[in-house]
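Here is the naming used below: chain letters follow the sequence lines, and residue numbers restart at 1 for every chain. Values in this document were obtained by computation on a predicted structure and should not be read as measured data.
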Amino acid sequence: MKRFDPERVRHDVPELRRTVHGLEMAYLDSAASSLAPSSVIEAMSRYYERTHTNVHRGVYQIAEEATEAYELARRSVGSFIGAPHPDKEIVFTKNATESFNLFARAWGASVLGEGDVVVLTEMEHHANIVPWLQLKEERGIELRYLGVTDQFRLDLTRLDETLAGASLVSITAMSNVLGTIPPIRRIADAAHAAGALIAIDAAQLVGHAPMDVVDLGVDVACFSAHKMLGPTGIGVLWARAELLASMPPFLGGGGMILDVKLDSFKPADAPHRFEAGTPPIAEAVGLAAAVRYLRSLGMDAVAAHDLELTGYALERLGSQFGDKVRVYSPQDLVDRGGVLSLALEGVHAHDLAQVLDRHGVCVRPGHHCAKPLMRRLGVPATARVSFGPYSVERDIDALLGGIEHALGMFG
Amino acid sequence: MKRFDPERVRHDVPELRRTVHGLEMAYLDSAASSLAPSSVIEAMSRYYERTHTNVHRGVYQIAEEATEAYELARRSVGSFIGAPHPDKEIVFTKNATESFNLFARAWGASVLGEGDVVVLTEMEHHANIVPWLQLKEERGIELRYLGVTDQFRLDLTRLDETLAGASLVSITAMSNVLGTIPPIRRIADAAHAAGALIAIDAAQLVGHAPMDVVDLGVDVACFSAHKMLGPTGIGVLWARAELLASMPPFLGGGGMILDVKLDSFKPADAPHRFEAGTPPIAEAVGLAAAVRYLRSLGMDAVAAHDLELTGYALERLGSQFGDKVRVYSPQDLVDRGGVLSLALEGVHAHDLAQVLDRHGVCVRPGHHCAKPLMRRLGVPATARVSFGPYSVERDIDALLGGIEHALGMFG
Amino acid sequence: MDDLEDLYREIILDHYRSPRNRGELPTPPAHRTEGFNPLCGDEIVLTIVLDDDVIEDVKVDGHGCSISQSSASLMTGVVKGKSIDDAKGAMRSFKRMMTVADEDDPDADEPIDVRKLGELAALQGVVKFPVRIKCATLAWNTLAQALVEMDA
Amino acid sequence: MDDLEDLYREIILDHYRSPRNRGELPTPPAHRTEGFNPLCGDEIVLTIVLDDDVIEDVKVDGHGCSISQSSASLMTGVVKGKSIDDAKGAMRSFKRMMTVADEDDPDADEPIDVRKLGELAALQGVVKFPVRIKCATLAWNTLAQALVEMDA
Ligand SMILES: Cc1ncc(COP(=O)(O)O)c(C=O)c1O
Ligand SMILES: Cc1ncc(COP(=O)(O)O)c(C=O)c1O
């Protein structure tokens, strides 16, 4: 496996050149949003400086160029995740959350009714819970949850029971709180055996590890560009071509129709059927640049780098603080990514993050949009540490110094 | 009134420095998407280079800065349109189309049922038709349409009759095909007198003329940043504070909740209730920069500039081509903006646009996402010419040369 | 502006000005299929009568640009009176010329012998204008749709 | 890191470690109101008993950061036994100190005499940390909500 030098990545990321409170920034919040390399920022600037106009409806030179850039982004994102038919399967949304809502509304609301079962897990992000709760409210679907073990793994002991009679399993491919990566392929096979579809929340996985939707055996995947070195304002829904083609439209407007009369309309084919209005064009260009950048690092190497840092952090936290720091994450490096959640004895996560800020360390305190998981863990909030390809050991060293300070202050 | 020099604006817009087919670009497609000044492009680059991270959930320095920039954008957009309470009334969406869908779903689907009446016009963009057609399909609401006169104006002769018993009037503030600006204040008063709410499609107006939602007397306004010198990937829904506060959520996910349990959730207050998932942060920063740029030109001056060019175009088209070019637009300069639609004797709009492209002229052929209007006009497609603050008379001269060429070729 | 003249060849302008087989056949016996190009609003109404495996008659109506309308006119000239198999063969060749060959076309990567395309070759210049390819293929896609609907 | 010490003054850490009036009063007679800070997940459960115009008893439970919890503790100390009007006056002063005065506060623009705020003044350092203002005001907003619910 080719490895990359994280210092070179740091050099590519302009934001890491700034200081906070006079210190080098130790950005340990990539799970919230990653920092963009200059190739991504410049791709978008260049788009606005040379090519920008609306897509799909012009015949003039720049309209063709803009359309081509947009559709090329669809293809490059598709090929990045191993989509068999990118042109028919990739829908650009505004974020992973919209992707889930689109899927829940277009597929869910047209197929599911009273008593139909959707299986989630207790480690889901709200983006993969609330849309289903809305369907529960409106259409009476039933939600079942796979639990979380005390080792912060998905509890699969009752998998087949839970799947029995289900229509869909919608499940995170990597927990944004624990870092846990569930065995998607195994769950996908079980889901299909039970006659259910499987959707994955790939928001945390896609920018951090190799991912192939065919190898995973899934039917739907949702993710956001801003967590994979790309821009804000764009997300992706991938769904198998036949599944997507079978789904009725969600948002209505220009670009998603074949015809509109005063009393009726005919929707266009997928994926355009799901892209109402002017799409995030510059953002698609930025996302394509992010994919290019990630490919140049090598996704195996990106995953290995995250794990190396995770191992270092686990080891140092344990040896330096012992029981004073609880780690809500698998303690080994198997089937996990570069995310770990901390809780300090006597120091609320919010206060820890505040003290860390003065050390130049950026970590996120709170429930991380996973309140059901926080209830399961029995902790109101954690301070989450997460890595990107620009993260280095001295970020973790700065974290350790800040924890020391916080413990002293509140102890 | 302060006037600006369009050549200075051209200088500020990098895309106008490029050539097409070796010629200066005559960009006459601002109604599809406007070109961004460098201050907008740079504001976003600077954001990614210095401040980017996720908003609302961090306590560290850059998280505070990003949140502040995002919320500041909300305030600056709000004050630009005269919103009384920007912090409670401005929702950032992905585009004007999502804004209409959000309003139709959150308000419409919760309030309207079988037989309830929504009044549209025959000059609406699909963005303000299809979401209501979807509600018609699903909930049996009734749609009524105000017609279009042969002078390309809204037909208000039966206004009161049409409004009788209606729950909502949703109407364009400026037609993207005709350039017509309907008398919104008058219609708003009539709507309120009839007990109806009024929403406007401000997509074409907001970047081209002074606009004050209180003066207009409207309840809801929808628009997109990319038509007002801003970026793709962001739109705006403005609604009166009490109205917005009364609306149930639309998209579900992180950021729009107070609490989530395994079997239920509590939504947050407006506007956050309507902003599920990571919002278009960089795009909000870009939109704020666009608003700043427009303010520096002065909206009165922007409107006057558009009209001056419109007058020049109408005059030259008439004198040079007579009946060979039909203009689908009001022929005077009263209550209209800088948009006009053309149809040539014997030359399809698509072919005209193709020929114009070789003259460096960018115009959009087609139905402009207004198929009901095209049917009303009895023309399958028009070639639409539209202006921005960077447009100049020589753009129109290039257009005239191209029309001459096309007439010769197909004549 | 050479490639513009390559796009708008005289034969295309001629078919645009004087479309062949224009109008609608009565249904029944004709089968009627509508085709849309959602992006530009072009519409094709194709009416077709089969006699066993032969396309006995076909007409097109609708509106659109010179490329979509002349392509429709040229198409009717090529397929009328031909067997369905021959029509499908012409469709495959045409789509290959337009660089939008179907995935299940076994010869998708073969070089095209434009001489075999006859008058259809007039549309060759379209490939230099990617946006217009949809215009040129609209009639053919509508024909394909009609054949599917008729199980032919 | 001076302003960090300004934020976490000793009195705040003391109220955080040993919160006053902690727990829940039995309902009824107490009225119970929950407050959330949706962004960070802080939760306050406020139980309150009124006797005419006087806050006879008040307790808070819940969880959150040192700022939200110490602010709640400090608040109970200030309002318990006070008249509702006095409690509302303290609330207005506190919110002005936090730079989030209500629109209908007539004195919103008046300078604040911190000496009048007593122990509450310990939270003054929060204003330099805009994100934490929501933590400091959570208990007060929950109290305001409770008073509205009780029509008091
Ligand atoms: C009048 C009008 N309304 C709505 C829209 C939709 O805007 P968007 O495509 O940005 O959603 C447009 C532009 O396409 C428009 O011109
Ligand atoms: C696991 C997971 N799913 C979904 C999301 C939602 O992504 P977004 O906020 O971009 O819609 C996030 C990030 O917040 C996440 O971590």
Side-chain angles (χ1 to χ4, degrees), chain B residues 19-23 29 32 125-126 129-130 176-177 328 341-384 398 401-411, chain C residues 1-19 22-24 34-46 60-74 98 122-139 142:
Chain B
T19 56
V20 281
H21 310 302
L23 301 166
D29 198 18
H125 187 280
H126 294 162
I129 303 179
V130 181
N176 67 314
V177 177
Y328 292 88
S341 270
L342 310 180
L344 266 58
E345 204 53 52
V347 187
H348 190 274
H350 223 118
D351 295 313
L352 171 60
Q354 190 79 64
V355 174
L356 287 174
D357 172 54
R358 296 295 144 151
H359 292 255
V361 177
C362 310
V363 306
R364 191 142 301 225
H367 55 65
H368 316 296
C369 297
K371 289 197 96 172
L373 176 62
M374 304 312 277
R375 289 208 175 84
R376 163 65 185 87
L377 298 177
V379 60
T382 67
R384 181 184 62 186
I403 292 177
E404 194 79 60
H405 181 187
L407 285 171
M409 194 155 171
F410 286 84
Chain C
M1 307 195 183
D2 288 355
D3 50 1
L4 204 57
E5 269 145 39
D6 219 34
L7 178 66
Y8 295 120
R9 299 207 186 141
E10 196 42 57
I11 184 166
I12 289 180
L13 296 178
D14 176 49
H15 274 262
Y16 178 49
R17 291 193 198 103
S18 320
R22 183 81 180 169
E24 290 201 29
E34 293 180 13
F36 291 95
N37 185 339
L39 301 179
C40 61
D42 286 2
E43 290 181 18
I44 291 279
V45 177
L46 182 132
V60 287
D61 215 337
H63 53 75
C65 64
S66 62
I67 304 302
S68 72
Q69 301 303 304
S70 65
S71 177
S73 172
L74 285 159
M98 290 294 124
L123 284 159
Q124 214 183 345
V126 173
V127 290
K128 284 192 224 149
F129 296 80
V131 179
R132 309 303 295 275
I133 291 174
K134 285 221 163 93
C135 310
T137 53
L138 176 59
T142 310

Participant: Before we go on, tell me: are the rings of Tyr16(C) and Tyr8(C) under 6.0 Å apart, centre to centre?
Facilitator: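 No; Tyr8(C) has its ring centre 6.0 Å or more from that of Tyr16(C).
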Participant: Would you call Arg9(C)-Asp6(C) a salt bridge at under 4.0 Å N-O?
Facilitator: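 Result for this pair is yes, salt bridge flagged.
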Participant: Let me confirm one number: the CG-CG distance from Leu46(C) to Asp61(C), rounded to the nearest 0.5 Å.
Facilitator: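 Separation between the atoms: 10.5 Å.
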Participant: Using side-chain heavy atoms (C-beta onward) and a distance below 4.5 Å, is Asp42(C) in contact with His348(B)?
Facilitator: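 A side-chain contact under 4.5 Å exists here.
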Participant: Check whether His126(B) reaches the backbone of Lys371(B) with its side chain - one donor and one acceptor, N or O, closer than 3.5 Å.
Facilitator: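 Yes, because the side chain of His126(B) sits within donor-acceptor range (under 3.5 Å) of the backbone of Lys371(B).
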Participant: Sequence neighbours left out, what pairs pass salt bridge (Lys or Arg N to Asp or Glu O under 4.0 Å) with at least one residue falling in residues 347-357 of chain B?
Facilitator: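 Listed by first then second residue: Asp351(B)-Arg132(C).
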Participant: Using heavy atoms and a sub-4.5 Å threshold, report which of residues 64-71 of chain C line up against chain B, by residue number.
Facilitator: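 Under the 4.5 Å heavy-atom cut-off, Gly64(C), Cys65(C), Ser66(C), Ile67(C) qualify.
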Participant: Could you tell me which portion of Met374(B) (side chain, backbone, both or neither) has an atom closer than 4.5 angstrom to a non-hydrogen atom of chain C?
Facilitator: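 The answer is neither part of Met374(B).
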